[in-house]
Amino acid sequence: MKPLTREQEEKIEYLISEMTIEEKIGQLNQISPSIVGGFDVSFEELIEMMTDGRISKEEFGRIMAGAKQDYHDDVNRAGGLSSVLISDPETCNTLQKIAVEETRLGIPLIFGFDVIHGFRTVVPIAPAEAGTFEPELMEKSARIAAKESRASGIAWHFSPMVDISRDARWGRVSEGPGEDPYLASVFARAKVRGQQNDDSDPSTYVASCLKHYVAYGACESGRDYNTVSMARSMLYNTYLPPFKAGVEEGAATVMASFNDLNGVPCTMNPFTLRTVLKDAYGFEGFVVSDANAIKECIIHGYAEDEQDAAAKALAAGMDMDMGTWIYSKELKQAAKDGRVQMKDLDEAVRRVLGIKMRLGLFDRPYVSEEEMHRYDTLPEEHLAHALETAEKSIVLLKNDGDLLPLDKKKKISLIGALADMKEEVLGSWAMSGRVQDCVTIREGLEQASACMEYFPCCAPDGEINEEEVRNAIAAGEVLVAVVGEYASMSGEASSRADITLPGKQQELLKMLLASGKPVIALLMNGRPLALAWEAEHLPAIVECWHLGIQMGSAVARVLFGDVNPGGKLTCTFPAMTGQCPMYYNAPKTGRPGSKSKFTSRYLDAPVEPLYPFGFGLSYTSFAWSDMKVKENTDTLEVTVTLENTGDRRGSEVVQLYMHDVAASLVRPKKELKGFCKVTLDSGEKRDVTVSLEKAQMGFYDDDMNYRLEDGKFILYVGGNSRDCLSETVDVKF
Ligand code: GLC
């Protein structure tokens, strides 16, 4: 998105000077058509009704279409509304026509939608895609989603979700890039670039929306929407970095989070919205609340009533109200009562109009007939990208005796209901994906001409069909079990207090294992799972996440060795739920957990996670040696020799971590500070260098002062956050 021209700035000021207070407030009002249509369910509930089959997609479309007639009144009453959550181009054009041709100033609407990991070309969920450690891939996914959605009239994505999540009980782990601030910042930048930057065809970019601002992932007990408390230094060093990175990359909008932070709801928190985001970070776009969140500040116990909520939110820097109509109903009176300053109102309108202008909506408010059908058939390039990203997101967790890859001649019994459920491969937040575009694991193996028979046997919430299990055991030489979670078992409002395999799936695995035949578990899940038993007893485990439309093809290519898996974990996998929250970049404490009693440990659980951040095996093997550190004026260059000691080409992610040995605030035992992904042929040896900017070696204190403190640092390099070579250096800044 290009910056505003002088002429555009002048047009915005002219509009503001011309607008009535009702028209100004209208620009700050985002609504969902279902609310507009007078339906007694919210847009989210409609989505849920469609997802769980209470209404069909056709009925959903009719309900949306039915909103048009009612919308007329709302547009005229509110003097122009800012955006609508809808994704079909005809409705966008119809609603846009009302705004542009039938309101006094003709200010276009901006249509926003949850395009989280793809629009039509649905790619792996974020914790998986971030595990590719390939920013170009992450960027291209966002680029493709921007082009596909803009052709449907969607010019604003409610993504990237960049909440750091350290507690796998929280369902929304499935939407973000994991537990590490550095990797999450790389992800945030890549997504914003993909969404907003395109010089070739400016009509195909969309506005980003960094969400959920801020520290939503730190909700107490991993329970969604729950309270959040933390030191400001933790906020600055762990939860804010991906937002800061996204703002630096030019993100157009930010969405505030539902949670309170240290007692003040983020929806109307002047410290996070003004002091940090708009003042310290210089954010020039607009902030939107999350759905219904302004009204919920009354329930939080922070606003007395709707007018109080409206006044506090705008004063705190909340520019747009999603879904409550409170701004529309209360701001005018609040202004009359002097509870709202016109300069704040004008500032919010200026920010909204600026993004609409930069998106080209004033010049091109409608979707053309050609655009509407441009992606009826997905281009080969998009499908190829979805396949490549899915393949690279797969993480090999265990492979005893090199059981994998499988020989295609081996008779496979493919087991598990999830292996044959098209809609499940999409994962959470993929409402614009089309089921007919999805390739299941069963279909992927069939397309790969595997020698295979399929037996559902058990679903994540179902009973075990014992006859099918017996038949599966009898039929196959190898038992490949697809187990995990439905897409609906993670995502919003989907926290789980027990993150073992849901239902009877572990029991199914035990039955299969009892056959004495080799059992391979393919995991389809949206969050880390507690797999202590599985890791101890199964010879092979592959983390396949929810990989999007090309899931089945990608899994088949990895299973048979056409692709050597190279994905890494972006979230720690605990051995037991009770270890949550669990993350690699934690402080040491004065008594680091160990086998001895008086240390930070449990009586009934291991100290270590099952699989650490950054972990992922390969069908080949790598040897690490000769770590060297070269100090330059502004950088430390860390070089290591990596050798592919196995019999096939493979990729490895050289990860660079740092520990500040003694600092004025205790620092994490390791912090990711850089990485480099390399692909080596069998037998190939290469020196790989990762450069660390000295300026990256500091941390923020509670007053947001960035401290660079001379002293001893341990640098680590390895293929995950646990197994590393290390060197100690003394650094003077
Ligand atoms: C939801 C989510 C948010 C989403 C919004 C609009 O409640 O919290 O991530 O963008 O509403 O659907």
Side-chain angles (χ1 to χ4, degrees), residues 29-36 41-51 60 64 81-87 110-119 125-127 142 145 149 154-165 170-177 188 191 195 206-219 223-226 228 242-243 246 251-260 265-267 286-297 299-300 318-325 427-433 487-488 490-495 526:
N29 192 24
Q30 182 203 94
I31 57 174
S32 308
S34 54
I35 295 175
V36 164
V41 288
S42 75
F43 179 71
E44 283 72 22
E45 282 163 305
L46 273 178
I47 290 280
E48 209 167 272
M49 288 164 72
M50 178 180 64
T51 310
F60 176 79
M64 287 300 159
L81 294 144
S82 197
S83 63
V84 180
L85 287 148
I86 202 155
S87 79
I110 178 172
F111 292 90
F113 200 71
D114 287 294
V115 184
I116 310 300
H117 53 109
F119 187 67
I125 55 172
S149 66
I154 302 296
W156 182 21
H157 288 185
F158 301 136
S159 69
M161 189 273 210
V162 292
D163 298 312
I164 297 295
S165 31
W170 188 45
R172 304 198 80 164
V173 172
S174 66
E175 298 171 48
K191 291 302 178 187
Q195 287 166 320
V206 298
S208 298
C209 183
L210 303 171
K211 72 183 187 183
H212 304 77
Y213 186 76
V214 62
Y216 182 26
C219 49
R223 204 169 73 234
D224 206 359
Y225 315 121
N226 205 2
V228 172
F243 289 94
T253 73
V254 167
M255 183 185 293
S257 53
F258 289 116
N259 58 286
D260 76 276
C266 289
T267 302
F286 69 83
V287 179
V288 63
S289 73
D290 203 333
N292 206 44
I294 291 180
K295 180 176 272 184
E296 290 166 14
C297 290
I299 303 169
H300 271 288
M318 173 53 65
D319 299 309
M320 187 185 285
D321 165 15
M322 182 190 287
T324 74
W325 288 86
S428 61
W429 288 105
M431 295 84 75
S432 51
S488 61
S490 64
E492 184 173 357
S494 306
S495 295

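Whatever order the structure lists ligands and atoms in, that order sets their numbers, starting from 1. No hydrogens, no waters, no symmetry mates; every other heavy atom, side chains included, goes into these values.
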Next on the checklist: Checking His212 against Asp163: is there a side-chain donor and acceptor pair closer than 3.5 Å?
Outcome noted: yes
Next on the checklist: Tell me whether Trp429 has any N or O atom under 3.5 angstrom from an N or O of ligand 1.
Outcome noted: no
Item to check | Contact with ligand 1 for Phe113, non-hydrogen, under 4.0 angstrom | outcome: no
Checklist entry - Is there a side-chain contact between Gln195 and Ser159, using heavy atoms and a 4.5 Å cut-off? => result yes
Checklist entry - Between Cys209 and Trp156, is any pair of side-chain heavy atoms under 4.5 Å apart? => result yes
Checklist outcome for this item: For Lys211, the atoms of ligand 1 under 4.0 Å from one of its heavy atoms are 3 (C), 4 (C), 9 (O), 10 (O)
Next on the checklist: Which of the numbered atoms in ligand 1 are under 4.0 angstrom from any heavy atom belonging to Ala291?
Outcome noted: 11 (O)
Checklist entry - Can Lys211 be said to sit on top of Trp429's aromatic six-ring, NZ or CZ under 6.0 Å from centre and within 45° of the ring axis? => result yes
Checklist entry - Short N/O distance, under 3.5 Å, between His212 and ligand 1? => result yes
Checklist entry - Do Phe258 and Thr267 come close enough that some side-chain heavy atom pair is under 4.5 Å? => result no
Item to check | Min side-chain heavy-atom separation Tyr225-Asn259 under 4.5 Å | outcome: no
Item to check | Ligand-residue contact atoms, ligand 1 with Phe158, heavy atoms, under 4.0 Å | outcome: 10 (O)
Next on the checklist: Would you say His157 and Ser149 are linked by a side-chain donor-acceptor pair, where the criterion is simply a distance under 3.5 Å?
Outcome noted: yes
Checklist entry - Can an N or O of Tyr216 be found at a distance shorter than 3.5 Å from an N or O of ligand 1? => result no
Checklist outcome for this item: Phe258 heavy atoms within 4.0 Å reach ligand 1 at atoms 7 (O), 8 (O)
Checklist entry - Could a heavy atom of Arg172 be found less than 4.0 Å from some atom of ligand 1? => result yes
Checklist entry - Which option out of Asp163, Asp290, Ile116, Asn292 puts a heavy atom nearest to atom 5 (C) of ligand 1? => result Asp290
Checklist entry - Measuring from the heavy atoms of Met161, does anything fall under 4.0 Å of ligand 1? => result no
Next on the checklist: According to side chain to side chain donor-acceptor pair (under 3.5 Å), who are the partners of Asp224, at least two apart in sequence or on a separate chain?
Outcome noted: Trp170, Tyr216
